[in-house]
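One structure is given below, encoded as structure tokens.
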Protein chains: 2
Amino acid sequence: MGKVTLQTIADALGVSRMTVSNAFSRPDQLSAELRERVLAAATELGYVGPDPRARALKRGTTGAVGVLLTDSLAYAFTDEVAMRFFSAIAEELTRRGLALTLLSAAETDGHVPARDVSMDGALVYSCDPKSPAVDWLLKRHLPLVYVDQTDRPGIPSVNVDDRGGARAAARHLIDLGHRRVGLLYSILGSELEVDADPQPSALAHATRERYLGWKQELGAAGAETVNIGVPIGGRDHHYRAGRALLDRPDRPTAVLCFSDVMATDVVRAAQDLGLRVPEDLSVVGFDDSPVALQLRPTLTTVRQDFTEKGRLAATLLTEALAQGAAPARARHHMLPTELVVRESTAPPPSVTAAAER
Amino acid sequence: MGKVTLQTIADALGVSRMTVSNAFSRPDQLSAELRERVLAAATELGYVGPDPRARALKRGTTGAVGVLLTDSLAYAFTDEVAMRFFSAIAEELTRRGLALTLLSAAETDGHVPARDVSMDGALVYSCDPKSPAVDWLLKRHLPLVYVDQTDRPGIPSVNVDDRGGARAAARHLIDLGHRRVGLLYSILGSELEVDADPQPSALAHATRERYLGWKQELGAAGAETVNIGVPIGGRDHHYRAGRALLDRPDRPTAVLCFSDVMATDVVRAAQDLGLRVPEDLSVVGFDDSPVALQLRPTLTTVRQDFTEKGRLAATLLTEALAQGAAPARARHHMLPTELVVRESTAPPPSVTAAAER
DNA sequence: AGATTTTTCTATATCGATATAGTACGAGCC
DNA sequence: GGCTCGTACTATATCGATATAGAAAAATCT
């Protein structure tokens with residue numbers, strides 16, 4: 001059976017192929033009457049419409065934009081914060097009639113999505129900046145938008161004020177009287193790093209900013225820190241990190257966590273040890289994800305607006321698409337963060353005891 | 001500035017275009033030495049690799065498969081059950097080097113993703129079977145796999161035993177002694193439908209199966225039901241549905257809910273009315289999503305294996321891709337469900353009272 | 001009526017790659 | 001020497017559409 005193409009219909013009707021193309025893609029280019037006949041013939045012959053692949057080649061656009069994620073797409077789907085962000089992106093892109101292609105940064109026997117999949121542009125989201133996948137996207141000269149990444153000249157970006165938020169969180173603990181604070185941040189490795197002194201350059205962007213924010217504020221106040229690098233990807237790592245922090249003799253009186261999810265598991269670890277939150281241990285999260293409110297006690301955290309972040313990123317990308325190759329001034333956006341004080345933080349035990357005396 | 005294509009490199013090196021193509025795509029077709037020279041020249045001239053669009057046209061494959069969802073992609077991202085399923089799909093597809101394109105069923109000023117986006121095949125997931133988007137996919141003769149959809153001859157599918165699970169849930173309530181049960185199911189409309197007698201044909205597949213399973217078992221036992229159709233898309237609808245059910249004088253002693261999320265909101269509504277769960281009201285969910293365990297009391301529900309569902313769907317699709325147009329016997333798979341009894345169900349108050357006498 | 005514009009349709013040249021068949025040449029075999 | 005065979009590379013014909021420019025007919029203007 002021969003394939004049905006524009007030509008098939010053109011031949012059947014004795015018109016030019018171009019006319020058939022126009023019937024589908026540019027209705028104003030032919031009379032309504034002829035267009036009807038063309039469409040009728042198309043239906044009869046079982047022609048669905050212009051082949052997207054051929055159209056993509058000729059027009060140069062595909063109607064889909066990519067989102068580059070970490071190696072593990074599967075893991076990203078379990079991340080509620082990422083999903084809120086995606087939701088906003090999807091909303092905005094759907095409005096513009098664009099589809100969303102998820103790209104894994106991983107290479108599987110020769111297949112490299114970032115290099116091989118056709119798309120009109122891409123969002124680079126929260127993935128290892130050294131990833132070869134990012135390089136491919138850059139080399140392809142695709143319109144890009146960086147999200148939660150270190151800025152790069154010439155590429156529009158959306159970030160949140162991670163450092164400012166982290167400082168506010170640290171300051172909050174200082175103000176409460178804490179002078180010995182645990183810091184739990186994500187690392188790329190697979191083993192817990194206790195008492196580490198992380199190289200900022202080895203951390204992912206958001207992690208680095210938050211870590212530096214904490215350090216900056218705590219350092220200024222002369223507080224001590226206990227650093228633990230927690231591998232991403234498994235909740236049990238969070239729990240173990242919590243235990244590693246709380247089992248020790250010089251246990252801190254408060255913990256700053258990279259995320260609300262991590263904070264949740266630390267609270268669990270604390271409660272399993274018979275520690276009361278916030279009386280014996282203050283815990284602060286990051287993101288203000290839905291779990292922050294579900295946790296008992298409710299979680300003090302740093303809020304960021306995922307929805308706005310997604311919407312802005314999608315808008316920047318569609319703008320970049322519209323401008324085509326001509327790159328306007330790349331704007332770097334920074335969204336605000338806000339400390340949200342809830343029930344999981346309180347003065348350290350010693351201070352409380354002193355006050356009660 | 002001229003674009004850099006295979007021809008550019010071929011000309012620069014004085015070899016044929018085909019040789020350059022082979023250097024990238026079929027290394028065994030030319031000597032290692034020449035290949036090196038070609039690749040070196042390519043890098044120097046800033047050639048990234050074969051254009052995915054052109055390759056897609058000629059080869060006929062794009063390296064991405066679609067997932068067709070409801071009108072609102074954004075909503076799907078907030079659905080934890082859908083995300084678990086996606087996670088498994090993504091895992092499996094990444095393993096095969098395929099990217100995942102999310103398709104909204106909505107049409108936006110002439111753009112219809114299901115018709116216009118190029119892909120090698122698609123999963124049709126939990127969307128209105130009457131949606132034009134599904135028709136487009138069918139007309140394109142793309143390899144498809146139906147998930148949580150009514151079976152269609154010739155199209156492989158993955159379903160879970162919704163009806164069996166629903167029957168088990170209903171039987172559980174009957175066995176506990178309940179004879180008056182609320183049924184909360186999803187509808188496509190935007191208004192709560194209280195005391196409705198829904199047309200099964202108007203319900204989405206999974207909804208229909210669950211509803212019919214409940215009815216079947218409750219009917220056989222001679223129990224009464226109070227039916228409420230709950231619009232999808234907003235948690236407040238769930239809560240209002242709960243209130244509509246519990247505020248009435250002839251309040252049922254138990255509720256069967258379409259999902260765990262819905263059950264969560266119903267429990268909240270009950271508690272707000274001063275009703276104790278399960279002493280005054282038994283509540284059963286569906287899916288066994290993570291929230292079922294987080295809820296207090298923990299939720300009696302019907303478990304399905306999202307991960308297996310996703311993995312199977314992805315596997316069926318890649319198999320269909322491999323077979324190309326030649327459609328093997330389309331298999332319809334049905335995954336089992338399992339009643340998980342937890343704390344949210346108990347005998348109705350009257351029975352308890354009688355037992356205490 | 002003649003000039004000008006508009007409408008409607010067609011012819012041709014791409015878009016950037018890959019499949020297929022074929023050529024040239026050296027090696028192996030009897 | 002003549003035959004087959006394998007390796008390394010090339011020439012040509014697509015894949016299925018759309019942009020562009022142009023031709024013919026119809027409509028508008030002066």
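In what follows, every chain begins at residue 1, and chains take the letters A, B, ... in the order their sequences are listed.
With respect to the salt-bridge test (charged N to carboxylate O, under 4.0 angstrom), the residues B/K309 and B/D148 qualify.
Listed for the A/T19 side chain is no donor-acceptor partner under 3.5 Å among the backbone atoms of A/V15.
Between A/F77 and B/F77, the angle of the ring planes stays under 30°, which puts this pair in the parallel group of the 30/60° scheme.
Distance, A/D51 CG to D/dA17 P: 6 Å, rounded to whole Å. To the nearest angstrom, C1' of D/dG16 lies 9 Å from CZ of A/R53. If you measure from atom CG of A/D116 to atom C1' of C/dG16, you get 15 Å, rounded to the nearest angstrom. The CG atom of A/L6 sits 12 Å away from the P atom of D/dA19 (whole-angstrom rounding). For the pair A/L57 CG and C/dA17 P, the interatomic distance rounds to 9 Å; values are reported in whole Å. The nearest whole Å value for the distance from the CZ atom in B/R37 to the P atom in D/dA8 is 14 Å.
B/R26 meets the salt bridge (charged side-chain N to carboxylate O under 4.0 Å, His left out) test with no other residue; sequence neighbours excluded.
Donor-acceptor pairing under 3.5 Å is recorded for the side chains of B/S25 and B/R55. With 3.5 Å as the limit, one finds a donor-acceptor pair spanning the side chains of B/R96 and B/T318. Residues A/R17 and A/T5 have side chains that never bring a donor and an acceptor to within less than 3.5 angstrom of each other.
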Which atom pairs link the protein and nucleotides 11-14 of chain C when you take only N or O atoms and keep those under 3.5 Å?
| unit_1 | atom_1 | unit_2 | atom_2 | d |
| --- | --- | --- | --- | --- |
| C/dA13 | N6 | A/R17 | NH2 | 3.2 |
| C/dT14 | O2 | A/K58 | NZ | 2.8 |

One pair to check against side chain to side chain contact (heavy atoms under 4.5 Å, CB included): A/V81 and A/F86. What are the steps and the verdict? CA-CA 9 Å; A/V81 172; A/F86 275 25; over 6 Å; no

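Among the candidates B/T62, B/T61, B/T101, the single residue satisfying the side-chain hydrogen bond (donor to acceptor under 3.5 Å, both in side chains) test with B/D120 is B/T62.
For D/dT18, one of the phosphate oxygens OP1 or OP2 lies less than 4.0 angstrom from a side-chain nitrogen or oxygen of A/R55.
The B/V15 side chain lies nearest to D/dT10 when the options are C/dG16, D/dT10, D/dG16.
Within residues 22-35 of chain B, the residues having any heavy atom under 4.0 Å from DNA chain D are, by residue number, B/Q29, B/L30, B/S31, B/L34.
Across all strands shown, B/T19 has heavy atoms under 4.0 Å from base atoms, whether or not it also approaches the sugar-phosphate.
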